[in-house]
Amino acid sequence: MNKNMFFGWREVCSFAYIQTLKSKAMKITLVILCALALFALPVITMIGSATDKDEETNIRQAYIYSNESGLAEKFSSGFDGKYEKVAVQVIDEKTKDEKMEELKNGKDIDYIVFLLTCDKNQESMDYGLEIRAVYGEESKITSKDADAFAEYVLENKEKLILGSIDIDAEEKESLLKERNYELFSVDTNGNVKNVEEGLAGAEYWLTYIYLMIVMFAVIIAGSKVAELVVTEKTSKVMEYLLTSIKPLALLLGKVVGTLLIVFTILLALLASFIGSLVINYSLSGGEGGFWPKILTDIWDSGVLRGVTIANILISIVMVLLGFIFYGFIAGLAGATVSKIEELAEGLKLFTFTVIIGMYLVIALMSFSNVSGGMGTFEYVVYYLPFSSVFVVPIYLLIGKLSFEMGLISMLILVVSTVVVWLFVTKVFASVLYHNGSVMKFKEIVDVYKANAKSGKSGGKHGK
């Protein structure tokens, strides 16, 4: 046998990749996903177009109050689209108070009050541009209508508002990075309630979608690695492979092969998405340009304000490392199983780590708007390898994390992946030869201690 512990991993990788692609389940899954991606944009555009035609705004007036001279006047230059007939009027503080008082009384009220506050002192806790839209809860204006109008203002804030602020381009960009839109309603008792945060909502859903996609991809890839290991372990294929290939090369080949499967799926989806753009463009007759409104709205809203080459590279590297990190854990979990029927039980450790990471991110998303933030917990989620892959890449792209924090998180994930690999090198071969009931984590640790004490990288350690 070749003494190089990695000898033969490419052959294992190629075999795992080809066999997985040939499987009927893989073909069916790929066809379904590509079909969904191919027709997603045309269907969404048609639904959106039908909705836009049916929807009319009940807003007839917008009163603008600002703490800075010239800010409201620029805003009052008017709106376009379905809001072009909305009248705009700049008001002083006294009139603002009167209009706010009126909001709680009349059911025939058809106006919104915008409160604009701009703090240009970068040392201030309130630094940034704050937009508050207030409507009457019992008025003609629904929360959906008010939210849509406020989001329209948010998407066009640079044209409507920031063009009048006497600051340089760098300061203006900094102001735009702040989460700066809140929607409030006034009830008949005069109580003012926060309804929804539009930009925060967009960030939330982008993060949630990213979390779900990566989580399912990690689970599917990890489960496939474990399945390949236990399938070959319970057949004569494993015995044949181990006569010429080291156990660690076997694991590395299967992890990389499964990672290539994930990339193949992503490339197929990307090709389908491009096809979806072409179909959508053709069906619309070129109206509105090549990019559909749903995508331009996301981009124009400033949600993806952290998109830079450096942040994109860190995000890609972290996703790759995440798959490798969890792939090693899944491969080790598969090696602890002696029967394919026990695979689900053997994957408990792998599944547990994924779920812990996912719930940490969900907790961060749920409570991140708490006043003062979450302190130490945020850094735990950003830097813990079990959770960082599920949040740091998308947070970098939407500008919620700095490049430095992303780099630190990536380096920690690199070190953690190396640590997992070193642990696996001490136990994988021994665990791979194990037959009997599914090994518990404590038993795996005992194997590690025994091999570390003897200086071995794993030998036969059956029961």
K.L.:
Does atom CD1 of I309 have more than 12 heavy-atom neighbours, drawn from other residues, nucleotides or ligands, at distances under 6.0 Å?
P.N.:
no
K.L.:
Using only atom types and a distance under 3.5 Å, with no angle test, would you say the side chain of S272 pairs donor to acceptor with the backbone of L38?
P.N.:
no
K.L.:
Report yes if the side chains of L411 and V415 come closer than 4.5 Å at any heavy-atom pair, otherwise no.
P.N.:
no
K.L.:
Between K426 and K449, is any pair of side-chain heavy atoms under 4.5 Å apart?
P.N.:
no
K.L.:
Determine whether a donor-acceptor pair (N or O, by modelled atom type, separation under 3.5 Å) exists between the side chain of S282 and the backbone of V278.
P.N.:
yes
K.L.:
Yes or no on side chain to side chain contact (heavy atoms under 4.5 Å, CB included) for I329 and F386, after CA distance, side-chain angles and deciding distance?
P.N.:
CA-CA 11 Å; I329 295 175; F386 296 117; 4.3 Å; yes
K.L.:
Taking the side chain as every heavy atom from C-beta outward, state whether F323 and V262 have any pair of such atoms under 4.5 Å apart.
P.N.:
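Yes, side chains in contact.
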K.L.:
So how far is it from T425 OG1 to L252 CG, rounded to the nearest 0.5 Å?
P.N.:
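Interatomic distance, T425 OG1 to L252 CG, rounded to 0.5 Å: 12.0 Å.
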K.L.:
Indicate the ring-plane relationship of Y326 and F350, choosing parallel, tilted or perpendicular according to the 30° and 60° boundaries.
P.N.:
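Perpendicular.
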K.L.:
Classify the ring geometry between F149 and F114 as parallel (under 30°), tilted (30 to 60°) or perpendicular (over 60°).
P.N.:
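Perpendicular.
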K.L.:
Which residue pairs satisfy the side chain to side chain donor-acceptor pair (under 3.5 Å) criterion with at least one member in residues 354-364, sequence neighbours excluded?
P.N.:
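The answer is none; no pair qualifies.
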K.L.:
What I'd like to find out is whether the side chain of L397 reaches to under 4.5 Å of the side chain of S315, using heavy atoms alone.
P.N.:
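Counting from C-beta outward, L397 and S315 do come under 4.5 Å.
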K.L.:
For T336 and A333, indicate whether the former's side chain and the latter's backbone hold a donor-acceptor pair under 3.5 Å.
P.N.:
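Yes.
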K.L.:
What pairs of residues pass the side chain to side chain donor-acceptor pair (under 3.5 Å) test when at least one of them lies in residues 15-39, not counting sequence neighbours?
P.N.:
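For residues 15-39: Y17-T264.
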K.L.:
Backbone N or O of K254 within a donor-acceptor pair of the T258 side chain at under 3.5 Å?
P.N.:
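Looks like yes, one N/O pair under 3.5 Å.
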K.L.:
Answer yes or no: is there a side-chain heavy-atom contact under 4.5 Å between D110 and N58?
P.N.:
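No, too far: nothing below the 4.5 Å cut-off.
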K.L.:
Using the side chain to side chain contact (heavy atoms under 4.5 Å, CB included) rule, take I18 and F15 through it: C-alpha gap first, then chi angles, then the decisive distance, then the call.
P.N.:
CA-CA 5 Å; I18 293 172; F15 179 77; over 6 Å; no
K.L.:
Listing request: all salt bridge (Lys or Arg N to Asp or Glu O under 4.0 Å) pairs with a residue in residues 334-354, at least two apart in sequence or in separate chains.
P.N.:
E345-K440
K.L.:
Report yes if the side chains of F325 and T353 come closer than 4.5 Å at any heavy-atom pair, otherwise no.
P.N.:
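The answer is no; the side chains never approach within 4.5 Å.
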K.L.:
Do the side chains of Y379 and I408 get nearer than 4.5 Å, heavy atoms only?
P.N.:
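When only atoms from C-beta onward are counted, Y379 and I408 do not touch, as no gap falls below 4.5 Å.
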